[in-house]
A.B. asks: 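Below is the structure I would like to discuss, written out as structure tokens.
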Amino acid sequence: IGGWNRFHAFSHPPPAFLEREIARFPSWLVWQALVSPKLELVHAGAERVGGREGDDTWKVTLVVQNTGWLPAYVSKRALERKTVRGVVAEIALPDGATLVTGKARDEHGQLEGRSNKHTGVSFWPDYHITDDRMKLEWVVRGKAGSTVGLLARHEKAGVVRASVLLSWRRTLREGDDAGVETGLRVL
């Protein structure tokens with residue numbers, strides 16, 4: 001009479017063994033998270049390319065990197081089956097600005113991770129030392145002082161957003177002093 005307790009009999013170990021059974025999973029889950037692809041900002045900036053006074057033409061640059069162990073596509077099978085998109089880059093222009101070259105939204109290739117990189121003591125040369133980085137460029141015509149929004153995303157590696165001020169000042173690069181006045185605000 002009473003029958004099976006389906007919750008305890010078929011989906012979980014007996015309560016006395018439950019803690020021991022699940023104790024082995026947290027470290028494995030942390031390891032999975034640490035080897036996952038991760039898209040990070042390396043550089044974002046704008047450089048005036050118009051030579052004449054009043055020529056408000058700018059080259060806007062965004063450099064991103066996969067700092068994860070695995071490549072952004074995670075497995076070769078995903079590439080073979082074309083089940084994962086590349087990095088999608090977008091630029092949001094302020095009112096009155098126009099895009100001279102490049103697309104407002106464009107899909108680019110994949111980023112490798114650190115898993116295929118040779119160490120410094122390796123005897124095999126690495127011919128693709130920067131395949132974990134991607135440089136994206138647009139040419140924009142807009143007024144100085146305007147802000148351009150940049151976005152790079154990958155469905156497995158995450159999202160990077162940056163806001164770039166069209167200004168003659170230098171832009172922020174990886175390792176720069178954060179207290180220096182720059183044309184970059186990371187959102």
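Quick note: numbers below take in every heavy atom, side chains included, and nothing from hydrogens, waters or symmetry partners.
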A.B. asks: Taking the side chain as everything from C-beta on, heavy atoms only, tell me whether T61 gets closer than 4.5 Å to L136.
C.D. replies: no

A.B. asks: Pick one: which of L62, T67, V63 meets side chain to side chain contact (heavy atoms under 4.5 Å, CB included) with V42?
C.D. replies: V63

A.B. asks: I need the Q32 CD to L29 CG distance, nearest 0.5 Å.
C.D. replies: 7.5 Å

A.B. asks: What's the spacing between R133 CZ and Q65 CD if we round to 0.5 Å?
C.D. replies: 4.0 Å

A.B. asks: Check for a donor-acceptor pair, side chain of W138 on one end and backbone N or O of K103 on the other, with a separation under 3.5 Å.
C.D. replies: yes

A.B. asks: Under the 3.5 angstrom rule, does the side chain of D56 hit a backbone N or O of R141 as a donor-acceptor pair?
C.D. replies: no

A.B. asks: In chain order, what residues pass the side-chain contact (heavy atoms from CB on, under 4.5 Å) check against V160, with sequence neighbours excluded?
C.D. replies: L39, L41, V64

A.B. asks: For L165 and A46, which heavy atoms make the closest approach, and how far apart are they?
C.D. replies: O-CB, 4.2 Å

A.B. asks: Might you point out which heavy atoms bring V148 and P94 nearest each other, and give the distance in Å?
C.D. replies: CG2-CD, 4.1 Å

A.B. asks: Can you confirm whether E107 is buried at CD, in the sense that more than 12 heavy atoms of other residues, nucleotides or ligands lie under 6.0 Å from that atom?
C.D. replies: yes

A.B. asks: Tell me which donor-acceptor pairs under 3.5 Å the side chains of residues 78-89 have, and how far apart each pair is, sequence neighbours excluded?
C.D. replies:
{"from": "T83", "atom 1": "OG1", "to": "A78", "atom 2": "O", "distance (Å)": "3.4"}

A.B. asks: What pair of heavy atoms forms the shortest contact from A72 to K156, and how long is it?
C.D. replies: O-CB, 3.2 Å

A.B. asks: When rounded to the nearest 0.5 angstrom, what distance separates CG in L151 from CD in E90?
C.D. replies: 5.0 Å

A.B. asks: Would you check if L93 and T98 make a side-chain contact, meaning some heavy-atom pair closer than 4.5 Å?
C.D. replies: no

A.B. asks: Are side-chain heavy atoms of H154 and Q110 found at a separation under 4.5 Å?
C.D. replies: yes

A.B. asks: Can you measure from CG (L70) to CG (L34) and round to the nearest 0.5 angstrom?
C.D. replies: 11.0 Å

A.B. asks: Under 3.5 Å, side chain of W58 to main-chain N/O of G142, donor-acceptor pair present?
C.D. replies: yes

A.B. asks: How long is the straight-line distance from CG of D131 back to CG of L111, given to the nearest 0.5 Å?
C.D. replies: 8.5 Å

A.B. asks: With a 4.5 Å cut-off on side-chain heavy-atom distances among I, L, V, M, F, W and Y, is there a chain of contacts connecting W31 to V74?
C.D. replies: yes

A.B. asks: Looking only at non-hydrogen atoms, find the nearest pair between E21 and F25 and report the distance.
C.D. replies: O-CE1, 3.5 Å

A.B. asks: Any idea which heavy atoms bring S27 and R24 closest together, and the distance?
C.D. replies: OG-O, 3.8 Å

A.B. asks: Say you draw a straight line from CG of N66 to CZ of R114; how long is it, rounded to the nearest 0.5 Å?
C.D. replies: 8.5 Å

A.B. asks: Can you name the closest pair of heavy atoms from A44 and V164 and give their distance?
C.D. replies: CB-CG2, 3.9 Å

